[in-house]
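Taking it in order: structure first as structure tokens, then the write-up.
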Number of protein chains: 2
Amino acid sequence: EDQDLLLAAAYVSDAQYNRNVPFETSPQAIRLYYFYNHWAMQAATYFFICVDLSLALFEEPALFPLPFLVTSIAEVLCLTAFFGRLVHFAKVTPQMVFWKDTKNICIMVTIVLTLVDLIVYGILEALNVYGIRWSRALRPVFLINFPESRQIRRAFRSIRNTLPDVLYVFLLFIFSVGTFSLMALKLFGDRGLKTVEGSPYFTNILDIAFELYVLVTTANSPDVMMPAYEFNWWYSLYFITYIIINTYIFMSVFLAVVYNNYRKHLKNEIRTLAYLKRRKMIEAFNILKVKVGTESVVKEAQWRRLVKVVAPDISSSHLELLLRILDEGQKGHVDKVNFLRLPDLLNIQVITINVKRHPLEAWMPRVYQSVFVWAYDVIILINAIFIALDEKNPFISYAEWLFLSLYIIEILLKLYTYEPRAYFGRKQFWNWFDTLIIIAALVATVANTTIQSARKYNSQQILDIVLILRILRLLRVIVSIQRFRVIVTTLINIGPTMLTFGGLVLVVYYVFAIIGMEAFHGRVHFFGPNSTSPDALTCGNSALRDSAFARGKYCRNNFNDLGSSLILLVELTVVNHFILLANGFALVTHQVAKLYFIGFHIVVVILIVNIFIAFILEAFFVAY
Amino acid sequence: EDQDLLLAAAYVSDAQYNRNVPFETSPQAIRLYYFYNHWAMQAATYFFICVDLSLALFEEPALFPLPFLVTSIAEVLCLTAFFGRLVHFAKVTPQMVFWKDTKNICIMVTIVLTLVDLIVYGILEALNVYGIRWSRALRPVFLINFPESRQIRRAFRSIRNTLPDVLYVFLLFIFSVGTFSLMALKLFGDRGLKTVEGSPYFTNILDIAFELYVLVTTANSPDVMMPAYEFNWWYSLYFITYIIINTYIFMSVFLAVVYNNYRKHLKNEIRTLAYLKRRKMIEAFNILKVKVGTESVVKEAQWRRLVKVVAPDISSSHLELLLRILDEGQKGHVDKVNFLRLPDLLNIQVITINVKRHPLEAWMPRVYQSVFVWAYDVIILINAIFIALDEKNPFISYAEWLFLSLYIIEILLKLYTYEPRAYFGRKQFWNWFDTLIIIAALVATVANTTIQSARKYNSQQILDIVLILRILRLLRVIVSIQRFRVIVTTLINIGPTMLTFGGLVLVVYYVFAIIGMEAFHGRVHFFGPNSTSPDALTCGNSALRDSAFARGKYCRNNFNDLGSSLILLVELTVVNHFILLANGFALVTHQVAKLYFIGFHIVVVILIVNIFIAFILEAFFVAY
Ligand code: NA
């Protein structure tokens, strides 16, 4: 009977956390399944994924160089861990299901490919032959394909489902760009116009198509139009038409199509999740049910034992509360309909609140309402001005302590009003926020005074963090203005999904960074901000002589290590100077390199950024 | 009884065209109301509005200069026309309603202000004193406030209703920019960093706030980050955080808020319109109704006379069709419920179609399906390649004629298949499109051959149009691919609303252009693309020496006439190089000028472009 309880609890737990892993129901498999879902095992998996991904920081081209032997041993260790996790999973799930699941096949293939790549690269390195560590671009496979990352997979599925519709709009868009390119070639090709740099203007159809594609990103506006516009104002109409059709209408249509599919897909996913959750709860119910009269029910004692297995840390008052909700008639058992509600109830946080009045409010309610609350907003404003002023003035640095004491007094008054346990309840986000900001400011001010008096300005980064913490206290203004709080609360509620989104972006960025590092590392050098070396003017590459890239001093934007690559990819996501950067890397390699940048633009800006916008739109529509 | 019919017809007509003008019901007032709604009167009003708005092309600073006397006489003429139209309206509508309507007051005040401005400016000009024609910025008032422009007013109302919600997000956004500015001042102010231009980096809080505001538009990315990033990669995190929060999240929240309000507002407007339409139809019904048994109805003869007054051009078969729909039981009268459906039915276009099979399809159906349709796509593709090739080759210019004959044969075959009247039905958009493109290409090719043989290359613009028409025939590809047609049809269906949108943009652009011309005209000069004058390097203004504006050769972007101003405003809408242009005009006037550019950004990019995107999103959601 204990086995039945464990099995039922596994189903309930799966329903609570939306896990959809079919598992064997033999006693041993169930115990293995509990072990598989243990938080320590999951944390270990994520730890090894992080280690595996961050290896790119230490491999050539490295931010912190380590010998190949060290990184390869670390990688083999990670692969072993992944393989172990997979074997564990194979013991839990039925054989047939395991081998039919592409996720598992993906992981195995990637492990094998990585090992092959490691061995080949090791041999080549031993023979002093140049090799490419191509398998590094496959590392995000591990992040995507483990059962724990079902959120990220859902996001990828959402993108995949969007593709057919986006594809047709994209083809029409490409057709439009092509037609406009042909027009531009015929209109401007024979005029002998010159660009600002003095090169011929719009004479090659491929260059024109690239320039016009980039105009959609707005990155070369208005430069691309200037020679024609200077020749005759009439030609500006061509570019304005192009911008209206391609930049505004087509980009909005992309957003519309992506958003529409996102919504449709989201609805389907939620429906499926609800269906699967219900099915698991019915299975759990069928295991535990007994007949009372004509009705199938779960007895109170059995139900209590189940909940204690599912949520071992539950308080007895919380357990009683749940029981009272699910057994309304106090009949000593839970019927089927109420049993199915258990996972949703378990996901709700319960807090007990005990409200007194603020001492000032009790003492003089009018003053509290009108003066006290506003007074603190004014104090914050004055504080902001003081921060902006020169802090070397001793009067100002003493004032710091005054502000801090005022804030601390306010929080202590609030702590007295509400009980500390209620004030710091799990969902009392704004109280936590307020207190943390003040504590941070206190720590920062103390640290600042200590460091300043010790006159040891050696850790710049700690000083910077201290500084930021002190300024962050201005965020208290948000706490005191109701409308601001609504907006920020909405943003914070979408935080968890935003994290999923971060995972998705990380995967795409990582793959593009690895490819970019293999293709462009060492081609562009940065010589420090104050370098007087003549090579600094060409970023150490003569192909960049007189290029806009070198003239604008963009040498720091390169693919020479993972950190720089990721920052460069962020710049490309923002899109501005997209063409300048793409041209720079095309000059130091080959014109084909532009395809890398266009590909990045399509994947990140047209697909992912639009999904991000769609996602914020949806969150706000639900909240408002 | 004729009077009753006219009155009822006026109500029905108002319901059909969604007019909401209360009018007097005296026989004379009804006749005046018919005259007021006559298309010629409406066309005349729009004509005078166009003349009034385009006067800015001829007034100093002028694109085509005319003496002040001529433009002022034209303006007085326009004002007289507007006043006449207003008087006409006053005779139609009840006194009380007329004087309570702010639209009418607005028009009258604007007429008076314009006259005052004209007189003052005329006197100043006679005395050779410099004056400002400030009333020119008020001209769009006429476009907005006449009853015909209810669509544009609705768009403005939609924006106004959005403002309170947008305001709070905007305040929070400004707060965020302010906090980040303070951080930047503290982090970078004392480092002694220099920008690429060699000026001090991030030392003044106002400059920082402006740069960071512009970073939201992405226009100064990544330049704004480079000095800090070169100093220490660690600082790039500050900018990436800023971009994520302010560029991505806040800008999406703006879109969300604008979109949400737009949707809400649209729903209310549609509900109100439907209610008003219904009320007018009930009034018309009450005028015409007679008792038949217990039921109130409109007799068939009366109904026929009504429809002939409302739609004088209706064909008798169309009339019979309408009657058969509304009098289902053929009882010889129309009941109330059916009577209310009349305006919606009148708005539906009716066509008769008579389909034969395509001769090729009848002859060999398989070949038609698989070969014939695709063959023409291949022909268009080959045609595109031929257009791209050098047209001086005689073989290629002969090939033109071959392609054209192939296209014409296809259209003739189609005309044979469907009857011409059905093929060119009013709603057969794609047939019209196809035929017009081919006719245009035919005209263009003939014109091209004539001009080339005559060797008179004197009209560049006609040649350019000919060229574009020849290339436009590639758009036939859209006709033959079903999925493309769906997308383009959706875009075309939102065309009329897009025109409203165009009106809205025109109003805002016009006001900003007039203000910009008054503030900045003559400050920046363009010396022609090949000028060797030393002044050309500073755009004729020594304040621009060594500025990025002059170095990048942006002199053509100025406010020296209405055309240049409008093109510059389009460039500002696209946002790229926003900061460079704003800085240029701040240099030649005063730093305060930046407020003009920030104001333009808030109104056009944050409000209007977002409404445009919301509007395309909504149209696509409805269509998909
Ligand atoms: Na840009």
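Proteins get letters first, then strands, A, B, ... in listed order; numbering begins at 1 in each. Since the model is a prediction, treat every value here as computed from it, not as a measurement.
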Considering all heavy atoms, the nearest A/S221-B/N576 contact: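 In this case the closest contact between A/S221 and B/N576 is O-ND2, 2.8 Å.
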Closest non-hydrogen atom pair, B/F612 against A/Y248: CE2-CB, 3.8 Å
Heavy-atom proximity to chain A below 4.5 Å, by part of [X]:
X	value
B/F175	side chain
B/M251	neither
B/I243	side chain
B/F526	side chain
B/I249	both
B/S181	neither
B/I244	neither
B/S176	neither

side-chain contact (heavy atoms from CB on, under 4.5 Å), paired with B/V253, selected from A/I613, A/L491, A/T490: A/L491
Quick one: pull up [atom1] in [X] and [atom2] in [Y] and give me the separation to the nearest 0.5 Å.
X	Y	atom1	atom2	result
A/M226	B/R556	CE	CZ	7.5 Å
B/L255	A/L255	CG	CG	6.5 Å
A/T179	B/L475	OG1	CG	6.0 Å
B/E571	A/M225	CD	CE	4.0 Å

Donor on one side chain, acceptor on other, B/N557 and A/Y229, under 3.5 Å: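 The criterion, which ignores hydrogens and geometry beyond distance, is not satisfied for A/Y229 and B/N557.
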Lys/Arg N to Asp/Glu carboxylate O, B/R483 vs A/D165, below 4.0 Å: yes
